[in-house]
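Atom set for the values below is all heavy atoms of this structure, side chains included, hydrogens, waters and symmetry mates excluded.
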Amino acid sequence: MVKSNGSTPVTEFLFSGFPQLEDGSVLLFIPLFIVYLFIVIGNLTVFFAVRMDSRLHNPMYNFISIFSFLEIWYTTATIPKMLSNLVSKQRTISMIGCLLQMYFFHSLGNSEGILLTTMAIDRYVAICNPLRYPTIMTPRLCAQLSAGSCIFGFLVLLPEIAWISTLPFCGPNQIHQIFCDFEPVLHLACTDTSMILMEDVVHAVAIIFSVLVIAISYIRIISVILSVPSAEGRWKAFSTCAAHLGVFLMFYGSVSLMYLRFSATFPPVLDTAIALMFAVLAPFFNPIIYSLRNKDMKMAIKKLLCSQKMLTSSTR
């Protein structure tokens, strides 16, 4: 642990979100490591299944593949450091490392949020304006929306991270969380922390705006689905967007618990549980939702796995 006082600038932070357990840390390490492997392998499988199956080369599955690709790096920004902290006695991170972790974690999260909003609009056009869908959601527009989601997600946080990097840190260095996040880090700054409220407001406005756009899209989608005369038609229409709706609820549900509480404080155990749900559990369930709820995706994954087995057999 780095001891610091008013005249010594802090050069690294100490995580205190995980419980201080001697043998229990290893017990936490194993399931977290397995979950991380599943997230990486599961999302890679979804990504390559979409890319290698020509039947899935349409806007909806393209967005799903990009989302799965982002999920890999989103979890890689935090989980490997969590794993190292569980087996390390120091559990520290450098100032630069902390800023980079915040930047990449939230930039990837922002990109995913924008992409989920884009996916909701895509489903709205597909179900509410099916005849115009091919002319609206062209391959060029699809590529522009995918690239724009990622570029904007990474650019929008640069001023915020640059501002945080100029703040003086000369007091306590314990981050009461399992990864570097805005509020825990800003509370350690040796300066006026009234900017934290502005940070909360900016994050809240962005989250609420995205939720409203997606909610309005799905209210309209559901109203159109309910007007379909046949039960089979209603089920087919709903099944095309059920997976996305499930991912949306999980992603923004955990995001809301994490960032729409303002001055409300939770017990440390609950705080850690919310962070794990936000950073680990939601990405864990995403490949399951997309693969199990979609017949075309299951066929594409089986085709991918069979081709890999045949390739392995032929090389022996």
With distance as the sole criterion, is a donor-acceptor pair present between the side chains of S217 and R123 under 3.5 Å?
-> no

Does one side chain, of T76 or Y36, offer a donor that lies under 3.5 Å from an acceptor on the other?
-> yes

With the 4.5 Å side-chain cut-off for hydrophobic clustering, are I216 and I114 part of the same group?
-> no

Are I161 and M102 side-chain neighbours, meaning at least one heavy-atom pair lies under 4.5 Å?
-> yes

Indicate yes or no: at least one non-hydrogen side-chain atom of N62 is less than 4.5 angstrom from one of R51.
-> yes

Should T117 and Y252 count as side-chain neighbours, where that means a heavy-atom distance under 4.5 Å?
-> yes

Min side-chain heavy-atom separation F104-F154 under 4.5 Å | yes

In terms of heavy-atom contacts, A279 and T75 come closest through O-CG2, 3.7 Å

Please tell me if the side chains of F47 and I72 come closer than 4.5 Å, counting only heavy atoms from C-beta onward.
-> no

Taking C-beta and beyond as the side chain, do F15 and K81 meet within less than 4.5 Å on heavy atoms?
-> yes

Show your reasoning for whether side chain to side chain contact (heavy atoms under 4.5 Å, CB included) applies to Y133 and I127.
-> CA-CA 9 Å; Y133 181 74; I127 293 175; over 6 Å; no

Please step through side chain to side chain contact (heavy atoms under 4.5 Å, CB included) for the pair F278 and Y259, ending with a clear verdict.
-> CA-CA 10 Å; F278 173 53; Y259 298 111; 3.4 Å; yes

Salt bridge (charged side-chain N to carboxylate O under 4.0 Å, His left out) pairs touching residues 55-68, sequence neighbours excluded, are D53-R55

